[in-house]
Enquirer: 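Structure below; questions to follow.
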Amino acid sequence: LTDKGLTDKGLTDKGLTDKGLTDKGLTDKGQRTRDSEDNKNMKIDRFEDIEAWQLGRELTKQIYARTKEGSFARDYGLCDQIRRAAGSTMHNVAEGFDSGSDAEFIRFLRYAQRSCTEVQSELYVALDQQYISPVQFEELYDLTKTTHAKIGGFIKYLMCSEKGSK
């Protein structure tokens, strides 16, 4: 999956799909918000609007697609583990969104990052066992890096907004 592929799907560094929303943070009342292109704050009502979750979903879809193929599908242990790790990326973003505080949200986002790292490690096993090609490895590894970085950017934003609200 190339940067262009992510852009075509609306998953860019700048923001979210066709809504024109960016990774801005919280109101002083703790409501999750986004700045739209016309600079009005909008409450984030759904975790699905979080770009890090969207990337985690794409990662999960890609991992499931690869683990259905050939010998990979027959390695039940690795197949299950890499699927769970990829799914944990998106699930932890969603669960953290529903938490009661920025600190709790950040904790879940860090779990999501760790899940990305676990997927990266498991990709090496899949490559070494020749379950995936070097090209597939690079595509999936790059998607985990992008997802990890997007989550990290959101963590930094939340940490800065938390300091500013004190």
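Residue indices begin at 1 and follow the sequence shown. A quick note: this is a predicted structure, and the numbers were derived from the prediction, not measured.
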Enquirer: Test V135 against E139 for side-chain contact (heavy atoms from CB on, under 4.5 Å), laying out the working first.
Expert: CA-CA 6 Å; V135 170; E139 289 173 350; 3.8 Å; yes

Enquirer: Below 4.5 Å, heavy atoms only, C-beta onward: do E95 and S99 meet side chain to side chain?
Expert: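 Contact flag for E95/S99 side chains = no.
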
Enquirer: How close do Y131 and Q136 get, heavy atom to heavy atom, and via which atoms?
Expert: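 What the structure gives for the nearest pair is O-OE1, 4.5 Å.
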
Enquirer: What are the two closest non-hydrogen atoms of S88 and S115, and how far apart are they?
Expert: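 Minimum heavy-atom separation between S88 and S115: CB-OG, 3.2 Å.
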
Enquirer: Nearest heavy-atom pair of A86 and T60: which atoms, and what distance?
Expert: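 Closest approach of A86 to T60: O-OG1, 3.0 Å.
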
Enquirer: Please round to the nearest 0.5 Å and tell me the distance separating atom CZ of F137 and atom CG of L127.
Expert: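 Answer for the CZ-CG pair, F137 versus L127, is 5.5 Å.
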
Enquirer: Kindly check if the number of other-residue, nucleotide or ligand heavy atoms within 6.0 Å of CD (Q130) is above 12?
Expert: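 No.
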
Enquirer: With sequence neighbours left out, write down each residue that passes side chain to side chain contact (heavy atoms under 4.5 Å, CB included) with R110, or none if nothing qualifies.
Expert: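 Checked R110 against side chain to side chain contact (heavy atoms under 4.5 Å, CB included); matches are I106, Q113, R114, I155, M159.
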
Enquirer: Before you tell me yes or no, could you show the steps for D98 and F47 under side-chain contact (heavy atoms from CB on, under 4.5 Å), namely the whole-Å CA-CA distance, both residues' side-chain angles and the distance that decides it to 0.1 Å?
Expert: CA-CA 8 Å; D98 202 31; F47 63 82; over 6 Å; no

Enquirer: Can you tell if the side chain of D80 reaches within under 4.5 Å of the side chain of T67, non-hydrogen atoms only?
Expert: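 Side chain of D80 against side chain of T67, heavy atoms only: no contact under 4.5 Å found.
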
Enquirer: What is the distance from atom NZ of K156 to atom CG of L109, rounded to the nearest 0.5 Å?
Expert: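 The NZ atom of K156 sits 13.5 Å away from the CG atom of L109.
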
Enquirer: If I take atom CZ from residue R57 and atom CD from residue E48, how far apart are they, to the nearest 0.5 angstrom?
Expert: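 So the CZ of R57 and the CD of E48 are separated by 8.5 Å.
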
Enquirer: From C79 SG over to R66 CZ, what is the distance, rounded to the nearest 0.5 angstrom?
Expert: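 Output value for this atom pair is 13.0 Å.
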
Enquirer: Specify the closest pair of heavy atoms between G56 and T147, including all atoms of both residues, with the distance to one decimal.
Expert: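 Shortest heavy-atom separation between G56 and T147 comes out as N-CG2, 3.9 Å.
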
Enquirer: Testing the basics here: between L59 and L140, what is the closest heavy-atom pair and its distance to 0.1 Å?
Expert: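 So the two residues come closest at CD1-O, 4.3 Å.
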
Enquirer: Would you give the length of the straight line joining atom CG of D102 to atom CG of L158, rounded to the nearest 0.5 angstrom?
Expert: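 Between atom CG of D102 and atom CG of L158 there are 5.0 Å.
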
Enquirer: Do L143 and Y124 belong to the same hydrophobic cluster, where Ile, Leu, Val, Met, Phe, Trp and Tyr are linked whenever their side-chain heavy atoms lie under 4.5 Å apart, directly or via other members?
Expert: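 L143 clusters together with Y124.
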
Enquirer: Give me the ring orientation class for F108 and Y111: parallel if the planes are under 30° apart, tilted from 30 to 60°, perpendicular past 60°.
Expert: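 Because their plane-to-plane angle is over 60°, the rings of F108 and Y111 count as perpendicular.
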
Enquirer: Tell me, with the steps shown, if E58 and Q54 meet side chain to side chain donor-acceptor pair (under 3.5 Å).
Expert: CA-CA 6 Å; E58 182 61 30; Q54 294 172 0; over 6 Å; no

Enquirer: side-chain contact (heavy atoms from CB on, under 4.5 Å) between V125 and D75: does it pass, once the steps are laid out?
Expert: CA-CA 11 Å; V125 177; D75 186 334; 5.7 Å; no

Enquirer: Tell me whether the count of non-hydrogen atoms from other residues, nucleotides or ligands lying under 6.0 Å of CZ in R84 goes above 12.
Expert: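 Not more than 12 within 6.0 Å, no.
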
Enquirer: Are T89 and I151 side-chain neighbours, meaning at least one heavy-atom pair lies under 4.5 Å?
Expert: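 Yes, side chains in contact.
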
Enquirer: Distance from T144 atom OG1 to Q120 atom CD, nearest 0.5 Å?
Expert: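 T144 atom OG1 to Q120 atom CD measures 3.5 Å (nearest 0.5 Å).
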
Enquirer: Work out which heavy atom in F105 is nearest to a heavy atom in V93; give both atom names and the distance.
Expert: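 Minimum heavy-atom separation between F105 and V93: CE1-O, 3.7 Å.
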
